[in-house]
Amino acid sequence: QQPVQSPQAVILREGEDAVINCSSSKALYSVHWYRQKHGEAPVFLMILLKGGEQKGHDKISASFNEKKQQSSLYLTASQLSYSGTYFCGTESVQSVGRSQGNLIFGKGTKLSVKP
Amino acid sequence: DSGVTQTPKHLITATGQRVTLRCSPRSGDLSVYWYQQSLDQGLQFLIQYYNGEERAKGNILERFSAQQFPDLHSELNLSSLELGDSALYFCASSVESDNSPLHFGNGTRLTVT
């Protein structure tokens with residue numbers, strides 16, 4: 001089951017903040033976040049495991065609410081280099097509590113940062 | 001540079017033909033994933049291998065097949081190609097079979113004419 005991302009697109013000015021949401025209808029084992037710039041391969045940002053942890057990476061952080069099967073990516077004080085399409089990927093729980101392993105991506109959120 | 005090597009970079013072929021895409025994972029990575037990305041579309045999961053064994057399968061067409069060899073490189077075979085198969089095909093690798101960051105290759109751009 002493909003996770004649902006929102007919004008589909010967002011336009012920011014440099015220095016503004018943004019939140020990208022990712023939700024799933026299945027119990028999640030982990031959530032990944034990737035950024036893909038035009039014409040390039042996706043690049044790993046962070047992974048969050050079940051347990052409700054929050055992670056940070058410079059001015060980009062994320063949270064994972066296991067009970068709600070949701071994750072959010074927070075971009076603060078955005079820079080021009082943040083432009084790109086952000087994908088969340090989810091691994092669902094398998095019957096014995098392990099991950100199913102297959103990482104399914106949402107349709108992406110296109111972020112444009114203007115000067 | 002992610003360390004994942006995909007060849008060829010570009011492939012142009014006719015409908016009905018068969019092609020093979022190759023992927024060499026990062027050194028030390030045991031898991032290989034294949035994804036299809038059509039124009040302005042997301043990443044569609046095709047198949048995953050871990051240490052030579054099929055680990056998970058996505059919406060992979062019966063005309064498509066893949067395998068991971070003992071040296072851990074992987075090949076994706078696409079046959080009876082249709083115009084709709086034109087897309088960017090990404091290979092990614094990770095250390096473990098789950099909960100590990102994926103490192104993507106630069107992709108193979110397939111154009112079916």
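What you see is a predicted model, and the numbers here were worked out from it, not measured in a lab. Just so it is clear: chains get the letters A, B, ... in the order the sequence lines come, proteins before strands, and each one is counted from 1.
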Enclosure of B/L61 CG (heavy-atom neighbours >12, cutoff 6.0 Å): yes
B/D1: partners by side chain to side chain contact (heavy atoms under 4.5 Å, CB included), with sequence neighbours left out: none
Residue selection (most heavy-atom pairs with chain B, distance under 4.5 Å) from A/E40, A/Q5, A/K110, A/Q36: A/Q36
Part of B/Q44 within contact of chain A (heavy atom distance under 4.5 Å): side chain
Portion of B/Y50 that has a non-hydrogen atom of chain A nearer than 4.5 angstrom: neither
Heavy-atom proximity to chain A below 4.5 Å, by part of B/S100: backbone
Largest heavy-atom contact set with chain B, pairs under 4.5 Å, which of A/A41, A/G108, A/P42: A/P42
Straight-line distance of A/F87 CZ to A/F44 CZ, nearest 0.5 Å: 16.0 Å
Any donor-acceptor pair under 3.5 Å from B/R22 side chain to B/P8 backbone: no
Under the side chain to side chain contact (heavy atoms under 4.5 Å, CB included) test, residues paired with B/S80 that sit two or more places apart: B/R63
